[in-house]
Amino acid sequence: MEDKTSSFKIILGSSSIARRQILAEMGYEFTLMSADIDEKSIRKEKPEELVMALAEAKAEAILQRLPAGDYGKEAEPTLLITSDQVVVYEGVVREKPADEKEAREFIKGYSGGHAATVGSVVVTNLKTGSRKGDWDRVEIYFHEIPDEVIEKLIEEGTVLYVAGGLIIEHPLIKPYVKEVVGTTDSVMGLPKALTEKLIKEVL
């Protein structure tokens with residue numbers, strides 16, 4: 001795999017394992033920083049506006065922790081990539097489940113039904129200050145999900161840490177995913193095509 005980051009550096013502003021994996025699959029080397037913002041303090045009516053506002057807030061939070069001025073002097077630009085995602089179910093925005101009970105309700109709702117993910121990507125060029133962002137939406141349709149599968153997912157725990165308790169790439173849930181209208185990488189939290197496009201736009 002070629003390393004595409006020879007002419008610039010990347011900081012991935014995320015603690016998500018899935019996002020790390022996707023960015024590595026794209027052939028980039030990067031360092032990690034997490035934003036640690038209070039996501040609940042940022043509210044927007046529309047899911048698209050919410051994920052954009054959160055990705056920008058994460059970028060701002062990380063910028064405040066970086067040494068000012070260092071990036072402007074370097075020969076090669078450093079790009080900061082931040083992103084956010086929510087699940088939309090029956091018009092309602094879902095973030096990470098509050099507890100096991102909520103995770104169970106979320107997943108039971110998807111059984112035999114459908115949900116959408118709305119994810120944002122914001123890329124900031126730390127050398128020039130240029131910033132571009134956009135969002136991506138994916139529709140996911142499910143077969144009926146048996147109760148014992150839902151219980152296994154909750155027991156295993158990963159669903160508690162993702163938006164809407166929704167993981168389509170998980171071996172337990174994969175057989176019950178009927179159709180994905182959009183890309184799996186977008187559902188996992190980092191749409192590859194959009195990320196590539198934004199990187200090119202800020203360079």
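Numbering starts at 1 and runs along the sequence shown.
- Side-chain contact between Ile199 and Ile10 is present, with at least one heavy-atom pair separated by less than 4.5 Å.
- Across Thr117, Val87, Val93, a single residue satisfies side-chain contact (heavy atoms from CB on, under 4.5 Å) together with Pro47, and that is Val93.
- Evaluation of the ring pair (Phe, Tyr, Trp, His ring centres under 6.0 Å) rule for Tyr141 yields His114 as partners, not counting sequence neighbours.
- Among pairs with a residue in residues 33-91, those fulfilling ring pair (Phe, Tyr, Trp, His ring centres under 6.0 Å) read Tyr89-Tyr110, at least two apart in sequence or across chains.
- The stretch residues 96-105 participates, sequence neighbours left out, in these salt bridge (charged side-chain N to carboxylate O under 4.0 Å, His left out) pairs: Lys101-Glu105, Arg104-Glu151.
- In this structure the side chain of Leu203 reaches within 4.5 angstrom of the side chain of Pro77, judged on heavy atoms.
- Exactly one of Val51, Asp136, Asp134, Leu190 qualifies for a side-chain contact (heavy atoms from CB on, under 4.5 Å) with Val121. That residue is Leu190.
- Ion pairing between Glu148 and Lys152 fails under the 4.0 Å rule for side-chain N and carboxylate O.
- The salt bridge (charged side-chain N to carboxylate O under 4.0 Å, His left out) analysis of residues 166-187, with sequence neighbours excluded, yields no pairs.
- A donor-acceptor pair is defined here as one N or O able to donate and one able to accept, closer than 3.5 Å; such a pair exists between the side chain of Lys127 and the backbone of Glu74.
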Apply the test side-chain contact (heavy atoms from CB on, under 4.5 Å) to residues Leu194 and Trp135: give CA-CA distance (whole Å), side-chain angles for both, the deciding distance (0.1 Å), then the verdict. CA-CA 8 Å; Leu194 177 58; Trp135 55 271; 5.7 Å; no
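- The existence of a salt bridge linking Lys58 and Glu39 is confirmed by a sub-4.0 Å separation between a basic side-chain nitrogen and an acidic carboxylate oxygen.
- In the hydrophobic clustering of this structure, Leu198 groups with Tyr28; members are Ile, Leu, Val, Met, Phe, Trp, Tyr whose side-chain heavy atoms approach within less than 4.5 Å, directly or through other members.
- Applying the side chain to side chain donor-acceptor pair (under 3.5 Å) criterion to Lys44, with sequence neighbours excluded, gives no partner residue.
- Contact check for Arg19 versus Ile22: no side-chain heavy atoms found under the 4.5 Å cut-off.
- For residues 149-176, no residue pair satisfies the ring pair (Phe, Tyr, Trp, His ring centres under 6.0 Å) rule, not counting sequence neighbours.
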